[in-house]
Amino acid sequence: MPFPQASQALSRFTVLDLTRVRSGPTCVRQLADWGANVIKIDALLEDSGGEQPGGPRGGSDFQNLHRNKRAMTLNLKDPKGLEVFKRLAEQADVIVENFRPDVKFKLGIDYESMRKINPRIVYGSISGFGQDGPYHKRPGFDQIAQGMGGLMSVTGAPGGGPMRVGIPVADLTGGLFCAIGILTALLERDVSGEGQWVQTSLLQAQIFMLDFQAARWLMEKEVAKQAGNNHPTSIPTGVFKTSDGYINIATTGGRIWERCAQAIGAPELVTDPDYATAPARSKNRDALNARINTLTEKKSTETWVRELNEAGVPCGPIYSIDQMFEDAQVKHLGIAQHVPNDENRHIQLVGQPVTLSRTPSRMAARPPEFGEQTDEVLAEFGFGKDEITELRQRKVV
C-alpha cells in the first residue's frame with residue numbers, strides 16, 4: 001500500500017527502527033523526515049533495561065520524535081519473532097538501535113548476525129559510552145554525558161558550580177551524528193556494494209561538541225572555565241540590560257567593536273587603553289561590561305536591536321520559547337509545521353532546519369499508534385494473510 005512520504009530524497013531506503021527514548025529516535029527522525037521508509041518496531045524488551053519511549057505516545061515529546069514513520073509490533077524474544085525480523089532485514093537498507101551494547105547480542109540481532117543475511121545492511125548503533133571499553137555496559141543518560149564530556153564545567157556563571165545545558169544536547173547530537181554516519185555509509189555502499197556498522201555514543205558526541213574549547217586544551221593546554229553569558233574569547237560579547245529586559249550583543253573583531261562603541265554613544269571607549277585592544281578588553285572584561293550596561297539600560301530592547309543592526313553590530317533579543325515562535329523571521333522560515341491527520345488533531349511540530357530546493361522535507365504523517373501498520377508492513381515484505389494470522393495467534397506480532 002502507498003504511504004505518505006516526507007520527501008523523495010531518501011525514498012529508496014527502508015529503515016528498521018529499534019530505537020527508544022531520545023538519541024536513537026533523533027537519528028531515525030532525520031531519515032524519516034527525508035522520505036525513508038521507516039518502520040518503527042514496537043516491542044517490549046525486558047533486556048533493554050526497562051527503558052521506555054519518550055513520554056506518553058500522544059504527548060508532544062513522542063509526537064515530535066516519531067513523525068513520518070509507520071509502526072508494527074514484534075516480539076523479538078520469541079524465536080518466530082526473530083525469524084520475522086530476519087526476513088525484514090533481508091530487504092532493508094538500514095537498522096538503527098540504541099540498546100545497551102550487550103542487548104542486541106542476547107537477542108541475536110547484532111551487526112554480524114544481520115550482515116550474514118544481508119551484506120548490504122548499514123547498521124547504526126548509539127550507546128552511552130561506546131560499544132566496548134571499561135564503561136561500555138554502563139547505562140547512558142544525557143546529563144551524565146554532559147558532565148563526563150566536559151560541557152557542564154564550562155556552562156553557567158563563574159563560581160556557580162557545574163550547570164547542565166537546558167536541552168539534551170548529548171542525546172540530540174549523538175542521534176544527529178549517527179544519522180550522518182548512516183548516510184555516509186550508504187554513499188560508500190554505492191561504490192563497494194557492502195554495508196557497515198556505524199557506531200557513536202553520547203560521550204563521543206558531547207566531546208566533539210566542545211569544539212574550540214576542547215582544541216584549546218589539546219593544542220594549547222588551556223583549561224576552559226565557566227564564563228556565564230560572556231563569550232570566552234570575543235569581547236565584549238554577552239548579555240546586557242535594557243530598559244525593559246535584556247539583549248545579546250556580539251563583537252567579533254576590532255572593527256565591529258568600534259561600530260558598537262559608536263552605536264551605544266561611547267566612542268571614547270575605542271581609544272581608552274583599557275579597551276583599545278582585544279587583550280586589554282579581555283583583561284578588563286568586567287569593567288567594560290559594566291560601562292556598556294550603564295548605556296544599554298537607557299533604551300528598550302526593540303530600540304537597541306534596530307539601532308545596533310543598522311550600525312552593523314550583531315545583536316538580538318533574548319526570547320522565551322513562546323516569544324521566539326511569534327518572531328517575524330521565525331514565522332517566515334516556517335519551521336513550526338502542522339502535521340496532517342485524519343483525526344483532525346492539533347499536531348504542530350518543529351520541522352527540519354535544512355531546505356532542499358528540489359526534494360524538500362515536509363510533515364507527511366502523524367506518529368503511528370502502537371503497531372498501527374503491522375499487517376500492512378508484513379504484507380509489503382511478502383508475508384501472506386495466513387502467515388500474518390498465525391503470527392497474531394502466537395502473539396509474535
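Because the structure is predicted, anything quoted here is derived from the model rather than measured.
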Could you report the tightest heavy-atom contact between [X] and [Y], atom names first, then the distance?
X: K80; Y: D78; answer: N-OD1, 2.7 Å
X: A280; Y: P273; answer: CB-O, 3.6 Å
X: T301; Y: P317; answer: CG2-CB, 3.9 Å
X: F177; Y: A205; answer: CD1-CB, 3.7 Å
X: A43; Y: L74; answer: CB-O, 3.0 Å

>> E188: which residues meet the salt bridge (charged side-chain N to carboxylate O under 4.0 Å, His left out) condition with it, sequence neighbours left out?
In response: none
[X] [atom1]: over 12 foreign heavy atoms closer than 6.0 Å:
X: M209; atom1: CE; result: no
X: R115; atom1: CZ; result: no
X: M148; atom1: CE; result: yes
X: F141; atom1: CZ; result: no
X: Y135; atom1: OH; result: no
X: K116; atom1: NZ; result: no
X: D386; atom1: CG; result: no

With a 3.5 Å cut-off and no angle check, do the side chains of [X] and [Y] form a donor-acceptor pair?
X: Q262; Y: R259; result: no
X: N118; Y: E90; result: no
X: N284; Y: Y275; result: no
X: R164; Y: Q146; result: no
X: R67; Y: N64; result: yes
X: D244; Y: S300; result: no
X: Q352; Y: Q30; result: yes
X: S60; Y: Q63; result: no

Between [Y] and [X], does any NZ, NE, NH1 or NH2 come within less than 4.0 Å of an OD or OE carboxylate oxygen?
X: K69; Y: D17; value: yes
X: E376; Y: R70; value: yes
X: E83; Y: K86; value: no
X: R20; Y: D42; value: no
X: R22; Y: D61; value: yes
X: R366; Y: D342; value: no
X: D327; Y: K331; value: no

Are the side chains of [Y] and [X] in contact, using a 4.5 Å heavy-atom criterion?
X: N37; Y: F3; value: yes
X: I388; Y: T374; value: no
X: N75; Y: V397; value: no
X: I247; Y: V239; value: no
X: Q131; Y: S125; value: yes
X: V122; Y: V198; value: yes

> What residue pairs, at least two apart or across chains, pass side chain to side chain donor-acceptor pair (under 3.5 Å) with a residue in residues 388-397?
Replying inline: D375-R392
> Does R87 make a cation-pi contact with F383, if we ask for NZ or CZ under 6.0 Å from the ring centre and within 45° of the axis?
Replying inline: yes
>> Taking T242's backbone N and O only, do any of them form a donor-acceptor pair with T296's side chain (distance below 3.5 Å, no angle check)?
In response: no
>> Is there a continuous path of hydrophobic side-chain contacts, each under 4.5 Å between heavy atoms, that joins L31 to L65?
In response: no
> With under 30° as parallel and over 60° as perpendicular, where do the rings of W197 and Y123 fit, or are they tilted in between?
Replying inline: perpendicular
